Number of protein chains: 2
Amino acid sequence: MDRHDLKKAGLKATLPRIRILNILEQSEKRHVSAEDVYRALLDAGEEVGLATVYRVLTQFETAGLVERHNFEGGQAVFELYEGKHHDHIVCNQCGYIEEFVDQTIEKHQHTVAKKAGFDITDHSLIIYGDCTRAKCPHYEG
Amino acid sequence: MDRHDLKKAGLKATLPRIRILNILEQSEKRHVSAEDVYRALLDAGEEVGLATVYRVLTQFETAGLVERHNFEGGQAVFELYEGKHHDHIVCNQCGYIEEFVDQTIEKHQHTVAKKAGFDITDHSLIIYGDCTRAKCPHYEG
DNA sequence: CAGGTAATGCAAAAGCTTCTCATCATATCG
DNA sequence: CGATATGATGAGAAGCTTTTGCATTACCTG
Ligand SMILES: [Mn+2]
Ligand SMILES: [Mn+2]
Ligand SMILES: [Zn+2]
Ligand SMILES: [Zn+2]
């Protein structure tokens, strides 16, 4: 992802946009808030305003470069869109996020929509639970 | 639902709480925001503070009397909990909400959680689409 | 119905996101 | 390559939803 992809998306290849794209690509965490991106820029010594981060992320979303998710907790999170849909399972304890696709669930959603008389455009499926990773604060055996 | 149910939930039967419960029961719309509840109270000539509405709705949620949903749009919505789980399909155009349960989807969520090593506690499934009701602004045949 | 405790109302504050507007960078074209 | 027009940025103010602090008031118990 570089200035070329921005141009293709109809966006001027400005320094802030290139930098934000880099943050999204190089981030340890795949799902990051606007604040996360902003702090990462500050840590890297880049001067980008928080308002710009919000603006650019929204533009990226509109352009189909990133996806926005509203997990519980008020703060929206963003991730690069890689061309394939997936859903999320989130740990209540440590916030760890795993991605998944279940074809049966996907298919049944369409059935449900049809039965309800809706032309389905999208969906959001988030499973919440307690993960069993050693790292997780609440995990004991 | 009356003062008795409040007591059983460990909540004092105060006037604001009784009134809010009534609003939730008698509301035209099943899924209402805190603002919706607040305005309904004002319209009924009841003097209840907005902060109290938020506090009480959160207490009701904790007590298992209502459920909170975070649909797109920033504002949380609440509905009375009737003892049975369901998911939602929401119209992008008019906001109309239909409820559904799909046992296959429910079952597969547990499978997914197990495979990911999570003890599932909850989930949120929201399907978005365009409804085909005559009432709907975008619906044309 | 008096006393203790919990709930309320108001206003202030918090948290997240968007907007305004003067300034600045980018793309384009000569 | 430099001038110009256009669009983007940064800083702060503002918006919207939700929470909090605190003095006052209502509920429950006895
Ligand atoms: Mn993801
Ligand atoms: Mn519902
Ligand atoms: Zn965890
Ligand atoms: Zn509709």
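This one's a predicted model, so the numbers in the text were calculated from it and none came from an experiment. Note on naming: letters A, B, ... go to the chains in the order of the sequence lines (proteins, then strands), and numbering restarts at 1 for each one.
Atom CD1 of A:I126 is separated from atom CG of A:D87 by 8.5 Å, given to the nearest 0.5 angstrom.
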From CA spacing to verdict: side chain to side chain donor-acceptor pair (under 3.5 Å), A:H85, A:E67: CA-CA 10 Å; A:H85 164 76; A:E67 282 188 331; 5.2 Å; no

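In this structure, a donor-acceptor pair under 3.5 Å is present between the side chains of B:T121 and A:N92. A donor-acceptor contact closer than 3.5 angstrom is absent between the side chains of B:T52 and B:R17.
D:dG10 atom P lies 11 Å from atom CZ of A:R17, rounded to whole Å. Computed from coordinates, the B:K12 NZ to D:dC27 C1' distance equals 4 Å when rounded to whole Å. If you take CG of A:L42 and P of D:dG10, they are 11 Å apart, rounded to a whole angstrom. Here the P atom of nucleotide C:dA27 and the CG atom of A:L15 are 11 Å apart, to the nearest Å.
Checked against a 6.0 Å centroid threshold, the rings of A:H88 and A:H86 count as neighbours.
Within 4.0 Å (heavy atoms only), A:T52 reaches at least one base atom of the nucleic acid.
Proximity of A:Y54 to the phosphate of C:dT17: a side-chain N or O atom is located under 4.0 Å from OP1 or OP2.
For the pair A:P16 and B:G73, nearest-nucleotide mapping onto DNA chain D gives the more 5' position to A:P16.
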So which protein nitrogen or oxygen atoms get under 3.5 Å of nucleotides 11-16 of chain D's nitrogens or oxygens?
none

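Among the nucleotides C:dA27, D:dT9, C:dT17, the one closest to the side chain of A:L50 is C:dT17.
Using a 4.0 Å cut-off between a side-chain N of Lys or Arg and a carboxylate O of Asp or Glu, A:E99 and A:R30 qualify as a salt bridge.
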